[in-house]
Amino acid sequence: MYALVDCNNFYVSCERVFNPALERKPVVVLSNNDGCIIARSNEAKSLGIPMGAPMFKYKDLLLKNNVMIYSSNYTLYGDMSSRVMNCLKHFTPEVEVYSIDEAFLCIKGINGDPLFKEMQKIKSFVFQWTGIPVSIGIAKTKTLAKLANRIAKKKTKDGIYIISNNHTELEYILKNIRVEDIWGISKKWGARLHSLGIFTGLQLKQSDPRKIKQCLSVVGERIVRELTGVSCIPLEVTQPRKSIMVSRSFGSMISDIDNLKEAISNHVVVAASKLRSQSSLCNSICIFIQTNRFHIQEPQYKTAKEILFSEPTQNTLELLKASDKALKLIYKPKFRYHKAGVILSQLIVKTDNKMISVKAEEQFSIQTDLFSSTFTNKKKQYRRDKFIDAIDGINSKLGKGSVIYGAQGIQKKLKKTTDLKSDWQMKSYYRSPAYTTRWDELLKVS
DNA sequence: TCTGGGGTCCTAGGACCC
DNA sequence: TCTGGGGTCCTAGGACCC
């Protein structure tokens, strides 16, 4: 059996752990740049605030109802997430961390009442150690476990629901769910199924998988089989990322290339550090810039440039150099830009090779460049990598941003202030402290 | 005024190979 | 008049997820 453990209103719950006065009050959490509403407490949901709603359209409603507003605080949510996942690993090693607030568990050898009791144990353990409430759905396949979780959240008191092998129970559940609410089927595919006369989960379950394959590819076929109780989507252990993206909308519009370069350089530094933290190297970097698609009266420009490396790298300096080159190739001065980002792709990861070897080529199975791998280049590269190590070392000892690259912008450093915000930096008016990850932001109790 | 960010997988079609 | 058959790899675009 698979269990899906899903944190209730996760971001809101994280805020509530450190501010219990938020209990039973309407709370929302905003996306980056304070743009959209991406998490709502149950009280906020019942005010009719939809998921993903632009904040400016709902500001009046929020104020009128005394809704507490928070900017996203991913440092806090990420840390709380890993605490929750660690709790789950306490019960079984077979945990798939599916997203920041969800995990699939493989459950073997327990059934019926003992299974329910075990799930209650998990729930209260997670709550005791993190303060985060979770719901649990259990079934024979991941797709059905998702469904069970939905029922656990909406229809049960204790937040646990098990879809047993009872045939009529499953039929009843599937009859009462729309196809577009099934995991893996969204609006577009839902519409395609409608045109075949399929509207409910039960109708989808009873269709010919081969016919669904023609319509929704093998992905759709798998969903049909999963609904019948045949597991087609296995539990996956956490794999290193295959691509890394860092992008942000700007706090205000930007036209000049220096500002853009500063924004992109900061994204590159973050992306490079993510890359190194999962012990990968990238073969390609892509940067993109775009105007505001909602300003339809303004001229629009959206473009990207990818640069391939002759040898895979994880070196911030090389990535910065490439990103600068790419930006110069696509930048056009006449536009007002709204967003920029960087994507590292074609990542390679350390091989499983247990041999004790310090040569990067062997650790990563690197294809070296026939024309540049001369001795002097190797030496240069070695020194550059040591340089990055030193910077990482200082920043991890003295705090993030203690040493920065010139391309990231030196205005703030010169004025010795952190209040000064560049145009590109995102808005974040309602951010709570990084309670669990910064000594100077620990919760004070008086 | 104001509209997020970060991923994965699959397929079709083009390019190449013998 | 008439020009094969069987593969692999790569990429862009589209779909989905949270």
Side-chain angles (χ1 to χ4, degrees), chain A residues 4-7 9-11 28-39 49-60 62 69-74 77-78 81 96-104 142-143 146 149-150 179-193 212-223 232-234 236 238-253 267 270-271 274-275 278 283-284 286 288 290-298 304 306 308 336 338-347 426-430:
Chain A
L4 175 66
V5 182
D6 190 315
C7 302
N9 313 328
F10 182 54
Y11 299 166
V28 296
V29 177
L30 305 177
S31 64
N32 277 328
N33 227 12
D34 294 343
C36 296
I37 294 161
I38 54 162
I49 301 165
M51 176 67 175
M55 153 80 163
F56 74 94
K57 285 189 183 166
Y58 284 84
K59 204 156 187 181
D60 291 343
L62 298 179
I69 303 170
Y70 283 87
S71 301
S72 357
N73 183 346
Y74 284 106
Y77 310 151
S81 170
E96 174 187 341
V97 179
Y98 177 65
S99 75
I100 194 163
D101 72 332
E102 281 173 75
F104 286 103
K142 280 170 141 186
T143 306
K146 270 274 189 189
N149 193 283
R150 190 186 155 94
V179 277
E180 54 270 44
D181 290 333
I182 291 170
W183 186 44
I185 294 175
S186 193
K187 252 189 172 170
K188 284 205 174 151
W189 282 12
R192 279 193 218 170
L193 289 172
I212 300 301
K213 186 179 181 179
Q214 284 172 6
C215 177
L216 306 180
S217 84
V218 67
V219 182
E221 181 185 356
R222 279 200 285 252
I223 293 170
C232 304
I233 308 172
E236 274 176 45
T238 316
Q239 299 282 339
R241 300 249 168 270
K242 294 173 179 170
S243 68
I244 291 170
M245 164 150 99
V246 177
S247 74
R248 289 287 179 281
S249 304
F250 304 136
S252 45
M253 298 287 224
H267 298 340
V270 174
K274 287 185 182 180
L275 183 69
Q278 68 159 40
N283 276 297
S284 131
C286 175
F288 62 89
Q290 53 188 262
T291 50
N292 191 333
R293 65 197 166 102
F294 293 104
H295 291 189
I296 40 176
Q297 73 285 4
E298 276 189 51
E306 184 180 23
L308 300 173
R336 298 190 338 131
H338 170 247
K339 182 176 177 176
V342 46
I343 302 167
L344 307 180
S345 53
Q346 297 183 41
L347 306 192
M426 67 175 180
K427 290 179 206 153
S428 189
Y429 288 129
Y430 319 95

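All chains are named by letter (A, B, ...) in the order of the sequence lines, taking the proteins before the strands, and each is independently numbered beginning at 1. Just so it is clear, the structure is predicted and the values come from calculations on it, not from any experiment.
Classification of the A:Tyr11-A:Tyr77 ring pair by plane angle, with boundaries at 30° and 60°, yields parallel.
Counting any heavy atom pair closer than 4.0 Å across all strands shown, A:Asn33 reaches no nucleic acid atom. No contact: A:Met55 has no heavy atom under 4.0 Å from any strand. Using a 4.0 Å heavy-atom distance criterion, A:Ile244 is classed as a sugar-phosphate-only contact. A:His267 comes within contact range of no nucleotide atom at all, as no heavy-atom separation falls under 4.0 Å.
Rounded to an integer number of Å, the gap from A:Met426 CE to B:dG4 P is 13 Å. Between the OH atom of A:Tyr74 and the P atom of B:dG4 there is a distance of 12 Å, rounded to whole Å. With rounding to whole Å, A:Glu298 atom CD is found 12 Å from B:dT3 atom P. Separating the CD1 atom of A:Ile38 from the P atom of B:dT3 is a distance of 15 Å, rounded to the nearest angstrom.
For A:His338 and B:dC2, the shortest distance from a side-chain N or O to OP1 or OP2 is not below 4.0 Å. In this model, the phosphate group of B:dG5 is not approached by any side-chain N or O of A:Ser72 to a distance below 4.0 Å at OP1 or OP2.
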Next item on the list: Mark up nucleotides 8-18 of chain C, 5' to 3', with B wherever a protein heavy atom is under 4.0 angstrom from a base atom, S wherever such an atom reaches only the sugar-phosphate, and - elsewhere.
Entry: -------SSSS
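Residues A:Ala271 and A:Val342 come closest through the heavy atom pair CB-CG1, 4.4 Å. Nearest approach of A:Met245 to A:Lys274, heavy atoms of both residues: O-NZ, 4.3 Å. Closest of all the heavy-atom pairs between A:Ser71 and A:Asp34 is OG-OD1, 2.8 Å.
Using a cut-off of 4.0 Å between Lys/Arg side-chain N and Asp/Glu carboxylate O, A:Glu102 and A:Lys146 are scored as salt-bridged.
For the pair A:Lys242 and A:Phe250, nearest-nucleotide mapping onto DNA chain B gives the more 5' position to A:Phe250. Between A:His295 and A:Asn32, it is A:His295 whose nearest contact on DNA chain B lies nearer the 5' terminus.
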Margin query: Dot-bracket for DNA chain C, please. Rules: Watson-Crick or G-U, both distances under 3.5 Å, ( ) within the strand, [ ] when a pair crosses earlier ones, | for another strand, . otherwise.
Written below: ....||||||||||||||
